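Structure record follows, encoded as structure tokens.
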Amino acid sequence: MGSKYPRSMHCCLPLWTLVLEVALIVIFFFFTSYDTSSQDPKKLMETYRVLQDVTIMVALGFGFINSSLRRYGWSSVAFNLFLLALAVQWAVLLDGFLEQLSPKKVVIKLSSIKLATMSAMSVLISAGAVLGKTNLVQLVLMALVEVTAFDVTRMIQRKYFIKDNHVNMMHIHVFAAYFGLMVAWSFRRPLHERVMEKDQTAKSSSLFGMLGTLFLWIFWPSFNSALLLDSPNERKNAIFNTYYALAVSAVTAISVSSLAHPQGKINMNHIHNAVLAGGVAVGASCYLISSPWLAMVLGLTAGLISTGGALCLPD
Amino acid sequence: MGSKYPRSMHCCLPLWTLVLEVALIVIFFFFTSYDTSSQDPKKLMETYRVLQDVTIMVALGFGFINSSLRRYGWSSVAFNLFLLALAVQWAVLLDGFLEQLSPKKVVIKLSSIKLATMSAMSVLISAGAVLGKTNLVQLVLMALVEVTAFDVTRMIQRKYFIKDNHVNMMHIHVFAAYFGLMVAWSFRRPLHERVMEKDQTAKSSSLFGMLGTLFLWIFWPSFNSALLLDSPNERKNAIFNTYYALAVSAVTAISVSSLAHPQGKINMNHIHNAVLAGGVAVGASCYLISSPWLAMVLGLTAGLISTGGALCLPD
Amino acid sequence: MGSKYPRSMHCCLPLWTLVLEVALIVIFFFFTSYDTSSQDPKKLMETYRVLQDVTIMVALGFGFINSSLRRYGWSSVAFNLFLLALAVQWAVLLDGFLEQLSPKKVVIKLSSIKLATMSAMSVLISAGAVLGKTNLVQLVLMALVEVTAFDVTRMIQRKYFIKDNHVNMMHIHVFAAYFGLMVAWSFRRPLHERVMEKDQTAKSSSLFGMLGTLFLWIFWPSFNSALLLDSPNERKNAIFNTYYALAVSAVTAISVSSLAHPQGKINMNHIHNAVLAGGVAVGASCYLISSPWLAMVLGLTAGLISTGGALCLPD
């Protein structure tokens, strides 16, 4: 990555990132403190479990899905971790400043890290579109700009349009897709090396891709219900509907993928697209849907559209 | 898979599966509704955690164990997901109809999805025996027939013999093994391609096989205690005994496997067999055993028998 | 492993281990019983969750990190499981005898298995230093001796110096590192085969190494807060500080690693070292630190030292 740049360019990145880290530490020093209010220990652990589910989904799921898509192997997993760790720190600060305008200090709760991890996900979705076209400095810049843009959008939405935190957050997928496309468009460049090594690593990479897909499949209900902690009934609906939509979209995608191939073989990218599409399709409305068939129809549609779209588009 | 069939055959599967999915959606539309009774949110999340543990065990554990056994690579993981997603939908319906005979509508609870996932496991165990000998249409048929047979067996047992849900469910392993053997026997056929590509992918596949084995090893206590939610003491015993049986059977299998090999190397299939055997050995009785040594003796026996059996049988 | 030993040597191990297992079963038969006191079911499940987190970290995290470091492939994962299963059984007994000196029977609680798993971690850390230099018999011996030494040290500490369980346990890293170095030093021997097969398996192994690293990264906050169940505030602090230290050390390590490489590439060992260093750096004091910037400074220092150290040392 970035082997076309002169030596001096490479020195920039770590110095830049180290300066950024030191700056973040200084900001944290002056402006933040931990939440010291005594809390229900049961509730604390519940939030911790949800945070972990989201982290597993983001770090393992997105990390390994990119590893198979881009043929970058483990370095894409490492960049994923890098962007996640950086974006969460920035998003915690930003969320704090935008939400708690009056008090001097940002109070860090476990739920603010959860929220920040979900905001950081927008960076990782976009990164999937531009990985291999940017160097690390550009990725860091993209992470900071995207988290800022996403958080400001969310704050404006929350203030003037929709009060609900959950719905705001679910716009993440649309936002991230457009942002990623925009960045990818501005960085378009031929990628000779990537195409050449495509076939060599296909087999083992696909298994890692399936691993990432399964982590997304398993933990997506946690993600879709992560911001509905206050209402157990809405939360239950979100879990149910996400589960059903994902189940149907996986079955649909595997069937259609098998139909399209002359020997009836399955294309792994279709499964992974369908899982993403199924989860996104019920994302915003999952807590409102009150019967399984509606979620299943959404899953079926998402599976058909995503697989059909992938079949029609040139690879 | 299925490369010996004409083109028309391949079209059948996705059409068949799509028709099946639409039929399922229609049945769900007319006959099901979500559980709307207000529930203790703590209990809800507890059930959700157990459901996730079982899903991880079934999707990741069985998926990756098959990936190394059958040398099918990622497609066996994909078929595993496909069968799981389909079997759960069917099992939820069937469980509902068989259990709630009087009311018109099947009420879907989080615990019914948990139960359905456990029933679907019987399909995935059997699928391990027939993978590579059947095409997808046959797998789908097998999934539907097996879930139906298993659920009807369970209902008859529950009605006339043993009331206890947990014991009924633990017959899953015996049922699945015989069902799988029966199906495998009726589909026996030479498998030239499979044998040829066996050696190429051994190394990386074995690591994935270990990954699947570890997921089974870690989450088996959750599985064995999943239906004992009401009695904390029985649940505790189930967790303890499963843990000890698995620990002893893993140690035994690795030792015996190393003894059998001329250079003292370990055969991974032995470990994976021993983990399965250890978990199954204490499955039905795990909540009754009241001291660790009994569970450990069961684990030792299971480890010796499974590894010894694998050594005596031709591969 | 151990291919230089005569056949008779290989027979020793499994017989030795089987005798050991039978001896353990006999000891468990005479001296242990399960905890039968009725417990709060919520608390029981909470302990079970923490136990599982620690088991995932130890079995998956350390297993797959060693798989990439030592190029042993899946057998290092299997040895990891073997040592874990054996060490936990021994540590439960030993903890019981050392702690409950008066009563005749050792009462096994879920929390004693949790504590035993954490003690067993010392064996697995040390095993990373000697894997490939010892045969299985030596590893088993090392496991027993090390757990005994570590538990006796902890008991003496607890009795005469520091009462706190958490701080005692966090000395695990220092203890394990020195113990491993000592054992490695006494077994030093050239390793021709290992060096030769180093390059062949690099790509896929690295992805497994990243998998192990991510499991450590995700579950380290659970580990550092595992013994702070009684005080929700200390627990919260431990989770916060570990999270921030790990985030900063990952970012630092990736940046510095990229600076050191002439083409700006990342060395995976640096990331994995930094994750370990970041988690260890806040280990003992994580519940006392009361603001994020201190944890971040510790993480930055740990990342710089571990990556800098790895760069200066010959590989």
Side-chain angles (χ1 to χ4, degrees), chain A residues 1-3 5 7 9-11 13-18 20-22 24-30 32-36 38-42 44-45 48-49 52 55-56 59-60 63-64 67 73-75 77-79 81-82 84-86 88-89 92 108 110 113 135-136 201 204-205 208 211, chain C residues 42 46 49-50 53 68 203-204 206-211 213-215 217-219 221-222 225 229 231-233 235-237 239-241 243-244 246-252 254-266 268 271 275 289-294 296-297 299-300 303-304:
Chain A
M1 179 168 256
S3 58
Y5 299 98
R7 171 83 189 157
M9 183 73 191
H10 293 306
C11 298
L13 164 72
L15 293 182
W16 210 90
T17 327
L18 287 180
L20 187 68
E21 266 302 339
V22 172
L24 279 172
I25 291 177
V26 171
I27 300 177
F28 270 91
F29 176 63
F30 282 112
T32 67
S33 67
Y34 285 144
D35 177 29
T36 51
S38 69
Q39 218 179 338
D40 179 18
K42 295 269 145 79
L44 174 75
M45 291 323 293
Y48 177 59
R49 290 290 148 205
Q52 264 196 327
T55 308
I56 289 177
L60 286 170
F64 283 105
S67 88
W74 67 267
S75 70
V77 184
F79 285 135
L81 177 65
F82 177 81
L84 171 64
L86 200 68
V88 165
Q89 293 175 50
V92 164
I108 299 179
L110 213 51
I113 300 185
N135 64 357
L136 253 185
T201 57
S204 141
S205 278
F208 282 109
L211 186 71
Chain C
K42 295 268 146 80
E46 183 50 44
R49 289 291 147 206
V50 175
D53 282 5
S68 96
K203 182 134 197 174
S204 143
S206 294
L207 266 165
F208 282 109
M210 275 310 294
L211 187 70
T213 306
L214 285 177
F215 275 116
W217 199 84
I218 293 170
F219 289 103
S222 296
S225 65
L229 279 173
S231 161
N233 239 16
R235 189 160 203 201
K236 199 165 57 178
N237 276 349
I239 292 173
F240 277 140
N241 289 316
Y243 191 91
Y244 271 102
L246 287 172
V248 174
S249 74
V251 169
T252 311
I254 293 176
S255 314
V256 176
S257 178
S258 167
L259 169 67
H261 192 279
Q263 266 103 51
K265 295 208 171 156
I266 301 168
M268 201 205 58
I271 307 173
V275 168
I289 300 172
S290 59
S291 42
W293 68 273
L294 250 172
M296 291 167 84
V297 168
L300 184 73
L304 283 175

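Since this is a predicted model, take the numbers as computed values, not measurements. Below, chain A is the first sequence line, B the second, and so on; all start at residue 1. Worth knowing before you read on, the calculation uses all heavy atoms, side chains too, and leaves out hydrogens, waters and symmetry mates.
C:Phe215 is listed as a side-chain neighbour of A:Leu60, based on a closest heavy-atom distance under 4.5 Å. Looking at A:Thr55 and C:Phe219, their side chains never come closer than 4.5 Å, going by heavy atoms from C-beta outward.
Proximity to chain A involves both the backbone and the side chain of C:Ile218, based on heavy atoms less than 4.5 angstrom apart. Contact of A:Val26 with chain C is not made at all, since no heavy-atom distance falls under 4.5 Å. A:Ile56 touches chain C through backbone and side chain together, each having a heavy atom under 4.5 Å away. With a 4.5 Å cut-off on non-hydrogen atoms, A:Ile113 touches chain C through its side chain but not through its backbone. For chain A, the nearby parts of C:Arg49 are the backbone and the side chain; heavy atoms of each come within less than 4.5 Å. Residue C:Leu211 touches chain A through both its backbone and its side chain, counting heavy-atom pairs closer than 4.5 Å. There is no contact between A:Leu20 and chain C, counting heavy-atom distances below 4.5 Å.
Rounded to the nearest 0.5 Å, atoms CG (A:Leu110) and NZ (C:Lys236) are 8.5 Å apart. How far CD1 of C:Ile239 is from CE of A:Met45: 5.0 Å, rounded to the nearest 0.5 Å.
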* To do: Please step through ring-ring contact (aromatic ring centres under 6.0 Å, His included) for the pair A:Phe29 and C:Trp293, ending with a clear verdict.
  => CA-CA 5 Å; A:Phe29 176 63; C:Trp293 68 273; 4.5 Å; yes
* Test side-chain contact (heavy atoms from CB on, under 4.5 Å) on A:Leu18 and C:Leu300 and set out the steps. => CA-CA 9 Å; A:Leu18 287 180; C:Leu300 184 73; 4.3 Å; yes
* Asked: Taking it one step at a time, do A:Leu84 and C:Trp217 satisfy side-chain contact (heavy atoms from CB on, under 4.5 Å)?
  -> CA-CA 12 Å; A:Leu84 171 64; C:Trp217 199 84; 4.1 Å; yes
* Take C:Ser255 and A:Phe82 through the side-chain contact (heavy atoms from CB on, under 4.5 Å) test and state the conclusion after the steps. => CA-CA 9 Å; C:Ser255 314; A:Phe82 177 81; 3.8 Å; yes
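By the side chain to side chain donor-acceptor pair (under 3.5 Å) test, A:Tyr48 is found to be paired with A:Gln52, C:Ser222, residues two or more places apart in sequence or in another chain being considered.
Residues C:Ile289 and A:Tyr34 come closest through the heavy atom pair O-CE1, 4.2 Å. Nearest heavy-atom pair, A:Phe64 versus C:Leu214, reported as atom, atom and distance to 0.1 Å: CE1-CD1, 4.0 Å. C:Ala247 and A:Ala85 get closest at one heavy-atom pair: O-CB, 3.6 Å.
In terms of heavy-atom pairs under 4.5 Å with chain A, the best-connected choice from C:Val248, C:Asn233, C:Thr252 is C:Val248. For the set A:Thr32, A:Ile27, A:Leu86, A:Ile108, the entry with the most heavy-atom pairs within less than 4.5 Å of chain C is A:Ile108.
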